[in-house]
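In the text below, chain A, chain B and the rest are named by the order of the sequence lines, each starting its count at 1. Only a predicted model underlies this, so the values are computations on that prediction, with no experimental measurement involved.
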Protein chains: 2
Amino acid sequence: MEEFKYSYKYPHPSVTTDCVIFGFDGKDLKVLLIERGIEPFKGTWAFPGGFLRMEESAEEGAKRELFEETGLRSSYIKQFHAFTNPQRDPRERVITIAYYALVKIEEVQGGDDAAKAQWFSLDNIPSLAFDHDRILRFAMRELRKQIHFEPIGFELLPEEFTMKELQQLYEAILEVHFDRRNFSKKMLHIGLLEQVEGVKTPYKYKFNPTTYEEMKQKGFKLEF
Amino acid sequence: MEEFKYSYKYPHPSVTTDCVIFGFDGKDLKVLLIERGIEPFKGTWAFPGGFLRMEESAEEGAKRELFEETGLRSSYIKQFHAFTNPQRDPRERVITIAYYALVKIEEVQGGDDAAKAQWFSLDNIPSLAFDHDRILRFAMRELRKQIHFEPIGFELLPEEFTMKELQQLYEAILEVHFDRRNFSKKMLHIGLLEQVEGVKTPYKYKFNPTTYEEMKQKGFKLEF
DNA sequence: TCAAAAGTGTTCGCTATACACCCATGG
DNA sequence: CCATGGGTGTATAGCGAACACTTTTGA
């Protein structure tokens with residue numbers, strides 16, 4: 001009995017965080033998956049995640065998971081849903097608070113056990129553990145919504161990027177096709193882009209966070 | 001020790017659901033608050049909520065809370081955030097999964113203890129228990145976002161309503177002012193409204209859920 | 001009969017969209 | 001020199017925003 005030393009009057013569920021990590025390789029949108037080393041679902045792929053510690057918030061937990069798998073500390077991270085189906089874990093009642101993270105794929109370092117982490121294109125996702133396929137679909141839907149209110153695309157691109165890369169990213173997220181000329185015109189018109197001096201054809205651009213902060217104050221909407 | 005019969009190897013947080021119930025009285029957007037009868041925060045106002053039962057999902061829990069306070073079973077309800085700050089409850093670690101519900105205010109029946117439930121206008125909210133002021137601000141922000149993707153306004157209005165009521169609702173949610181003529185034109189153009197036959201000046205309208213379902217299939221966006 | 005509310009139409013400017021041409025680069 | 005990619009401009013149509021007049025209703 002020594003082992004079960006946390007006792008409550010009423011049953012409590014376990015609480016975990018899961019982190020859907022999105023990256024962009026210049027062409028396709030990708031997610032980072034971990035091959036599970038333990039039961040249940042040993043050997044199948046899943047999102048990085050784990051039990052919430054008592055002294056950390058869910059966001060801190062998700063950031064911890066993100067760091068352990070990518071070495072990144074300061075990425076964009078957003079809670080998008082808590083999954084609470086009583087049967088979602090075969091062992092016991094586990095609810096998970098799910099986040100998605102947007103990372104610059106080239107900054108990602110292999111985690112402690114890099115061998116078991118791998119990037120997958122969204123059109124080539126393997127069978128996933130637990131209800132993680134549902135979590136992924138949910139994350140994609142929320143990401144598409146989010147893009148209307150925040151220029152989150154910039155979180156997925158390197159510091160400097162071409163207009164074509166930016167367009168391909170938006171096309172990958174929204175699953176649409178834009179006219180190259182109109183996309184460029186629209187993006188430049190918004191005013192969040194800053195052309196990198198001295199680079200010629202193809203031009204490179206940087207995201208201007210100052211302008212973004214100003215625009216957030218006044219309120220704005222990105223149309224697509 | 002009989003009392004604490006649920007034991008775990010690791011500490012588990014408590015999990016609750018809270019339900020921000022929005023209603024519209026034809027003029028102002030309101031929320032339903034409960035006066036707490038027990039400590040902590042006894043005597044202060046809070047959202048309906050309570051501990052998640054082991055056999056129910058969070059959404060079922062939130063619906064249960066909604067039913068207990070309003071008598072309504074089939075309202076629009078949406079999870080918008082899990083609040084997980086380790087210090088948010090002074091007693092112990094409690095995370096809450098928060099929902100907002102949109103109800104037709106005239107259908108609401110007093111709950112079991114109706115005396116302690118009361119509608120408050122958003123510009124006249126009393127001091128709230130726990131972190132519920134933060135939860136309310138969060139709910140409002142999500143509601144405003146949501147309105148761009150779904151015609152949720154209709155959930156808050158009676159079956160039949162005038163264009164003016166619809167406009168006042170949108171103005172209350174978004175905290176903006178629309179030109180009466182342009183608002184009407186735009187709303188009618190979207191095609192979700194059906195004019196009630198036989199009613200004259202002011203016309204009444206009904207929401208057409210069939211058209212809405214068709215539009216959701218094809219994907220659409222409500223602009224404001 | 002008078003005031004307030006509600007119905008309706010027009011103009012203007014902006015932006016989304018469709019589309020074509022020129023230039024630079026590299027094989 | 002030719003093909004490809006990338007930079008740029010223009011015409012058109014549709015929508016949002018501003019705005020005024022007429023009709024109806026009820027006090």
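- We find that Asp25(B) and Lys27(B) are not joined by a salt bridge, their nearest charged nitrogen and carboxylate oxygen being 4.0 Å or further apart.
- The pair Arg144(B)-Glu175(B) meets the salt-bridge criterion, with a side-chain N (NZ, NE, NH1 or NH2) lying under 4.0 Å from an Asp/Glu carboxylate O.
- Interface residues of residues 166-200 of chain B facing DNA chain D, ordered by number: Asp179(B), Arg180(B), Arg181(B), Asn182(B), Lys185(B), Lys186(B), His189(B); criterion, heavy-atom separation under 4.0 Å.
- Taking side-chain N and O atoms only, Lys164(A) has a distance below 4.0 Å to OP1 or OP2 of dG6(D).
- The aromatic ring centres of Phe154(B) and Phe161(B) sit less than 6.0 Å apart.
- The pair Glu56(A)-Arg64(A) meets the salt-bridge criterion, with a side-chain N (NZ, NE, NH1 or NH2) lying under 4.0 Å from an Asp/Glu carboxylate O.
- Two rings, from Phe130(B) and Phe83(B), have their centers 6.0 Å or more apart.
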